[in-house]
Amino acid sequence: MTWDQVESALRSYIETQWAISSYSTIELVWENEPEPDFPRYMSVYIEGTYSEKSGYGGVGKHNSIEAGIIFFHSFTPSGEGKEEAVKLVVTMAGILQLKTIESVIDLEGSNPPSPAIYGTDDRLLPNPHPGGNYYRCSGSVPFIVRSGI
């Protein structure tokens with residue numbers, strides 16, 4: 001499976017499962033897309049972190065293992081408490097953790113929900129919001145992709 005196919009399969013799975021969740025009205029925003037004009041939304045990022053290709057003999061005896069992390073960040077209006085932000089992250093984690101997609105993408109257990117502080121590590125986060133109008137809570141689920149090449 002190529003990396004484009006992996007991302008496409010993960011995105012399709014996430015969109016389908018989110019649509020049938022109790023938070024289906026909350027907008028999903030993917031990396032490099034504009035922030036929506038909604039009071040609540042979930043941003044999702046798929047990042048590759050590792051790749052190992054090996055070959056033992058001829059065709060059909062080559063292996064590929066790639067790994068990555070799906071990061072997700074819930075944004076809720078500032079001043080309304082963190083309970084809803086955490087519930088969004090817990091819901092997304094439940095959709096992803098310990099699942100197998102397309103028979104070769106194995107998702108691992110999720111990292112617990114954590115409120116994030118701007119300024120510490122915003123390389124994976126949208127630009128800070130005007131006037132600090134949002135509260136953000138983050139989660140992540142690592143995954144591996146196994147395939148023969």
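The first residue of the sequence shown is numbered 1, and numbering continues consecutively from there. This is a predicted model, so every value here is computed, not measured.
Not counting sequence neighbours, Ser21 has no partner by the side-chain hydrogen bond (donor to acceptor under 3.5 Å, both in side chains) test. Glu84 pairs by the salt bridge (charged side-chain N to carboxylate O under 4.0 Å, His left out) definition with Arg40, not counting sequence neighbours. By the side chain to side chain contact (heavy atoms under 4.5 Å, CB included) test, Ser12 pairs with Thr16, sequence neighbours left out. Taking the side-chain hydrogen bond (donor to acceptor under 3.5 Å, both in side chains) definition, one finds that Glu7 meets it with nothing, sequence neighbours left out. By the side chain to side chain contact (heavy atoms under 4.5 Å, CB included) test, Ile65 pairs with no residue at all, sequence neighbours left out. Not counting sequence neighbours, Lys99 has no partner by the side-chain hydrogen bond (donor to acceptor under 3.5 Å, both in side chains) test. Under the side chain to side chain contact (heavy atoms under 4.5 Å, CB included) criterion, Thr49 pairs with Glu47, Ala67, Ile69, sequence neighbours left out. For Thr2, the side chain to side chain contact (heavy atoms under 4.5 Å, CB included) criterion is met by Asp4, Gln5, not counting sequence neighbours. Among residues two or more places apart in sequence or in another chain, the salt bridge (charged side-chain N to carboxylate O under 4.0 Å, His left out) test is passed with Glu83 by Lys87. By the salt bridge (charged side-chain N to carboxylate O under 4.0 Å, His left out) test, Glu33 is found to be paired with Arg11, residues two or more places apart in sequence or in another chain being considered.
The shortest non-hydrogen separation linking Phe75 to Ser43 is CE1-OG, 3.6 Å. Nearest approach of Val104 to Thr100, heavy atoms of both residues: N-CG2, 4.3 Å. Closest approach of Ala85 and Thr76 over heavy atoms only: CB-OG1, 3.6 Å. Annotation for Ser24 and Ala19: closest pair CB-O, 3.1 Å, computed over non-hydrogen atoms. Pro113 approaches Val89 most closely through the heavy-atom pair CB-CG1, 3.7 Å. Annotation for Phe143 and Leu10: closest pair CZ-CD1, 3.7 Å, computed over non-hydrogen atoms.
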Do Glu15 and Leu28 pass the side-chain contact (heavy atoms from CB on, under 4.5 Å) test, and can you show the C-alpha distance, the side-chain angles, and the key distance before you say yes or no? CA-CA 8 Å; Glu15 288 173 338; Leu28 290 179; 4.3 Å; yes

Test Ile14 against Trp30 for side-chain contact (heavy atoms from CB on, under 4.5 Å), laying out the working first. CA-CA 11 Å; Ile14 292 168; Trp30 298 88; 3.9 Å; yes

Given side-chain contact (heavy atoms from CB on, under 4.5 Å), test Asn111 with Val141 step by step and report yes or no. CA-CA 6 Å; Asn111 293 307; Val141 175; over 6 Å; no

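Val90 shares a hydrophobic cluster with Val86; the chain of contacts runs through ILVMFWY side chains whose heavy atoms sit under 4.5 Å apart.
Distance check: Ser64 OG to Arg146 CZ gives 11.0 Å after rounding to the nearest 0.5 Å. The line from CG of Leu96 to CG of Leu107 is 6.0 Å long, rounded to the nearest 0.5 Å. Here the OG atom belonging to Ser8 is positioned 8.0 Å from the CE atom belonging to Met1, to the nearest 0.5 angstrom. Atoms OG and CG, from Ser138 and Leu88 in turn, are 11.5 Å apart once rounded to the nearest 0.5 Å. Ile46 contributes atom CD1, which lies 5.5 Å from atom CD1 of Ile70 (distance to the nearest 0.5 angstrom). From Ile26, atom CD1 reaches atom OH of Tyr41 across 12.0 Å, with rounding to the nearest 0.5 Å.
Distance alone, capped at 3.5 Å, is enough to place a donor-acceptor pair between the Tyr13 side chain and the Ile95 backbone. Here the side chain of Ser140 pairs no donor or acceptor atom with the backbone of Phe71 at under 3.5 angstrom. Judged by distance alone, with hydrogens and angles left aside, the side-chain atoms of Gln97 form a donor-acceptor pair with the main-chain N or O of Ser110 at under 3.5 Å.
Looking at Glu31 and Val44, their side chains never come closer than 4.5 Å, going by heavy atoms from C-beta outward.
Taking the six-membered ring where tryptophan is involved, the planes of His73 and Tyr45 are perpendicular, since the angle between them exceeds 60° and thus also 30°.
Among residues at least two apart or in separate chains, salt bridge (Lys or Arg N to Asp or Glu O under 4.0 Å) pairs with a member in residues 65-77 are Lys53-Glu66.
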